[in-house]
Protein chains: 2
Amino acid sequence: MGDKKIKNMEEFAAVSGISRPTLSKFFNDPSSVRASTRQRIEAALDCYDYRPNLYAINQNRRLTKNIGIIVPYLADPFFAEIARNIEEHILGTGYRPVLLGSHGSPEQEIENLENLRLLKPAGVLLAPLGRASDQARIATFCEEVPTVLFDASAGTSGDAFVGSNNDQSVGLIVDYLCRTGEPPAFFEMQTPTNPNAYKRRHAYLAAMERLNHTPHLIQAAGEGWEFEEIGFREGTRVVRDRNLPTNTILCSNDRLAIGFLSAAYEAGIRVGLDEDCSMRVAGHDDHPFSRYTCPTLTTVSQDYEAIARKSAEALMALIEAGQVPDSREVTLFDGRLVMRGSA
Amino acid sequence: MGDKKIKNMEEFAAVSGISRPTLSKFFNDPSSVRASTRQRIEAALDCYDYRPNLYAINQNRRLTKNIGIIVPYLADPFFAEIARNIEEHILGTGYRPVLLGSHGSPEQEIENLENLRLLKPAGVLLAPLGRASDQARIATFCEEVPTVLFDASAGTSGDAFVGSNNDQSVGLIVDYLCRTGEPPAFFEMQTPTNPNAYKRRHAYLAAMERLNHTPHLIQAAGEGWEFEEIGFREGTRVVRDRNLPTNTILCSNDRLAIGFLSAAYEAGIRVGLDEDCSMRVAGHDDHPFSRYTCPTLTTVSQDYEAIARKSAEALMALIEAGQVPDSREVTLFDGRLVMRGSA
DNA sequence: ATTTATTTTTTACGCGCGTAAAGTTTTAAT
DNA sequence: ATTAAAACTTTACGCGCGTAAAAAATAAAT
């Protein structure tokens, strides 16, 4: 590392013997200068502690090297994990990730978009809240900034969408549950905030019809992002009332399932595949915590890594193309069955 | 909201009839201009869509209105939650929070500090990794930027520290466990990454001595931040070997406890207070997920809100003072006993 | 060695705003 | 009404870098 402090690029040009415009090119893209000069610059950087002023750089550039990442809820390990993956991909391309969480609030989501706009980002990766989102303003934003939506869509906003194939994944777990026991009822939120929830509901209905079984929806009341709480509360009601046509429950997502399992445990109902178990519960997403539930949660995994990679790649492609694409690319990843103890 | 787009402050000065220097003052601090002019400006903002260029603003200011927040691991809901609280407090003061996660990596932590330095932040709130942190570089950073450490300390770096009173909180739960049954053994990581872990170990030893009980440490091997995994693996071994002097386990943190409970469940051991239970397990932190474990986890809560508020306040005080304080303020919050099903 | 293409240097201007200084207007106080 | 203080306007300069254009230097190709 360097020792002597350098004030600005002018000064660094003086001590390194490289002209300032060339240095400017180098700092914007090291590969844009001749290899020999690049080495000279890097050698100088070893002797002198200099990094260009971020604000001066971005003031004149129409587009910065910032990439915004917005997720609906950072306290949900699912999103934290996927955000982490995306961050890593972005860093690998020499861009600078800026992570923002919307805390489940549509106002915060818009606020985040506004703040990002001030950063003049090269592009944005957005996982919208879903139903609660201000679709119109998101659409406006997407027209101004290259944006890839992931996890959930918001209308047809965005130049690309990366998500999971709910038809396939829900079909997979319904198939599995039917093969290994009773057909499942579907446990979900009555008015889910996430558009994936609707897709999963329909996928469940379709899968049950395909298999010639009567579908059964259990719809929990409740708003917001406290899914475990909702799963627990309504799960308690479900196991108390005991008027289910089936003892196999497929939850719309793992967080609901975590709450449901907790409710079943409290009610003294054994969940799982053993002889003495009276109920089976499955989830969806392979949430980081689902391998530590009691019993461990059988679920369908979303391919976090693939979604993160593809989202980042799609955005980089957009940025490099430098123009709005002629068509909106949609990528859906298949889920993988994760057989654990609960079903 | 405004409709007409304004390019820069000069233009906005023209249409609003306010001089540019006054506008500059206003945008830096709305309360620094006369109430009547403030109203005129705000009225103009309603008609015209203008926000000052972030980069131009910060270029000349020696200190920006940015406040950096660094947590060791964003995928841990504990840190996600505390970060969210801090963000809210920062926003309330008119500053702009910038959240960064270190992904459990000391290199990333230093990288985050370096990146923050480029942002010329008014101050930084840092929850260091702990033992793995590059203490020297953190110390250097703290001398250059007003910094409040929270959750964990790093030597005596930072102008203030806000954390929890491990002596009190561990003493509290040890007391409780002893009053209601057997004295607990202490389940922890052998080489914990977090300095709190050492404090808790000592607090446990002290509490047991005070109560005239023989302490017993169960030290799990393992590195990194996959605490549930480590708790599960070593928990499995512990319940298999069954050579414990006690059937009450106090875990150094809730994430270890979550893994441990899962292990106990898998081993068919009932945990809790009921007649048919052969083991009690308690944790520490009141992790967001600990109310959904099976059984629900008895633990000591850390006062997230208080830690977040005090950290933010301490930093704002530092910033407003505008100088290094004569003494390093240390604030420790007491824990609250959270009695649930597991002990 | 000559030509040509590529890269670097020199020179110069501008981005949008912070901010200092001096002059003017408004407000508050007597 | 007079005076002093506070707030505002005018004018002007600078921050650190992007970037365009023309000239010079270097490298590659014949």
Side-chain angles (χ1 to χ4, degrees), chain A residues 5-45 48-66 94-96 117-122 322, chain B residues 5-45 48-66 94-96 117-122 322:
Chain A
K5 290 261 173 182
I6 300 288
K7 213 181 60 208
N8 55 28
M9 203 179 277
E10 201 82 51
E11 241 180 77
F12 185 64
V15 298
S16 67
I18 307 277
S19 74
R20 194 171 67 72
T22 303
L23 288 175
S24 178
K25 276 195 74 181
F26 168 83
F27 283 113
N28 184 35
D29 178 5
S31 68
S32 69
V33 301
R34 201 189 291 147
S36 58
T37 53
R38 180 173 171 176
Q39 284 172 6
R40 286 174 58 201
I41 297 174
E42 282 166 351
L45 279 175
Y48 301 95
D49 181 19
Y50 170 69
R51 295 184 68 172
N53 180 307
L54 207 64
Y55 298 110
I57 288 178
N58 289 330
Q59 161 145 25
N60 301 314
R61 239 202 275 284
R62 210 173 55 77
L63 280 172
T64 68
K65 293 238 159 192
N66 294 329
Y95 281 75
R96 158 190 289 271
R117 221 168 44 134
L118 294 182
L119 295 182
K120 297 192 280 187
Chain B
K5 290 261 173 181
I6 301 288
K7 213 180 60 207
N8 55 28
M9 203 179 275
E10 200 81 53
E11 240 179 78
F12 185 63
V15 299
S16 66
I18 308 277
S19 73
R20 194 171 67 70
T22 304
L23 288 176
S24 178
K25 276 195 75 181
F26 167 83
F27 283 113
N28 184 35
D29 178 5
S31 69
S32 68
V33 302
R34 203 188 290 148
S36 60
T37 52
R38 180 174 172 175
Q39 285 172 6
R40 285 173 60 201
I41 296 174
E42 281 166 351
L45 279 176
Y48 301 95
D49 181 18
Y50 170 69
R51 295 183 69 174
N53 180 308
L54 207 64
Y55 299 109
I57 288 179
N58 290 329
Q59 161 144 25
N60 301 315
R61 237 201 277 284
R62 209 172 57 77
L63 249 53
T64 68
K65 292 240 161 190
N66 294 328
Y95 281 75
R96 158 190 289 271
R117 220 167 46 133
L118 294 181
L119 295 181
K120 297 191 280 188

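Just so it is clear, the values below take in all heavy atoms, side chains as well, and ignore hydrogens, waters and symmetry mates. Here is how names work: the chains are called A, B, and so on, in the same order as the sequence lines, proteins then strands, and each is numbered from 1.
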A/Leu118 atom CG is separated from C/dC17 atom P, nearest whole Å, by 11 Å

Atom CG of A/Leu63 and atom P of D/dG18 are separated, to the nearest Å, by 14 Å

Whole-Å distance, B/Asn58 CG to D/dC17 P, equals 15 Å

Rounded to whole Å, the CE-P distance (A/Met9 to D/dG16) equals 12 Å

Counting primed atoms, P, OP1 and OP2 as sugar-phosphate and everything else as base, the B/S/- map of nucleotides 3-15 of chain C against protein heavy atoms under 4.0 Å is ----SSBBBB-BB

Handout entry: Sub-4.5 Å side-chain heavy-atom contact between A/Ile18 and A/Val33
Key = no

query = Judged by atom type as modelled, is there a donor-acceptor pair below 3.5 Å linking the side chain of A/Arg40 to the main-chain atoms of A/Gly17?
reply = yes

Separation of D/dA7 atom C1' from B/Ile41 atom CD1, nearest Å, is 12 Å

To the nearest angstrom, the CG-C1' distance between A/Asn28 and D/dG16 comes to 15 Å

Rounded to whole Å, CZ of B/Phe26 lies from C1' of C/dG18 at a distance of 17 Å

inquiry  = Set out, in order, the CA-CA distance, both residues' side-chain angles and the distance that settles side-chain contact (heavy atoms from CB on, under 4.5 Å) for B/Asn8 and B/Asn53, then state yes or no.
reply    = CA-CA 8 Å; B/Asn8 55 28; B/Asn53 180 308; over 6 Å; no

Just call it for B/Tyr50: base, sugar-phosphate, or nothing, with non-hydrogen atoms closer than 4.0 Å on any strand. sugar-phosphate

Rounded to whole Å, CD of B/Glu10 lies from P of C/dG18 at a distance of 12 Å

*Do the rings of A/Phe12 and A/Tyr50 sit parallel, tilted or perpendicular, given the 30° and 60° boundaries?*
parallel

Before giving the answer on side-chain contact (heavy atoms from CB on, under 4.5 Å), spell out for A/Leu119 and A/Thr64 the whole-Å C-alpha distance, their side-chain angles and the decisive distance to 0.1 Å.
CA-CA 8 Å; A/Leu119 295 182; A/Thr64 68; 5.7 Å; no

d(B/Thr37 OG1, B/Lys25 NZ) to nearest 0.5 Å is 9.0 Å

- Under 4.0 angstrom between A/Ser24 side-chain N/O and D/dG18 OP1 or OP2: yes

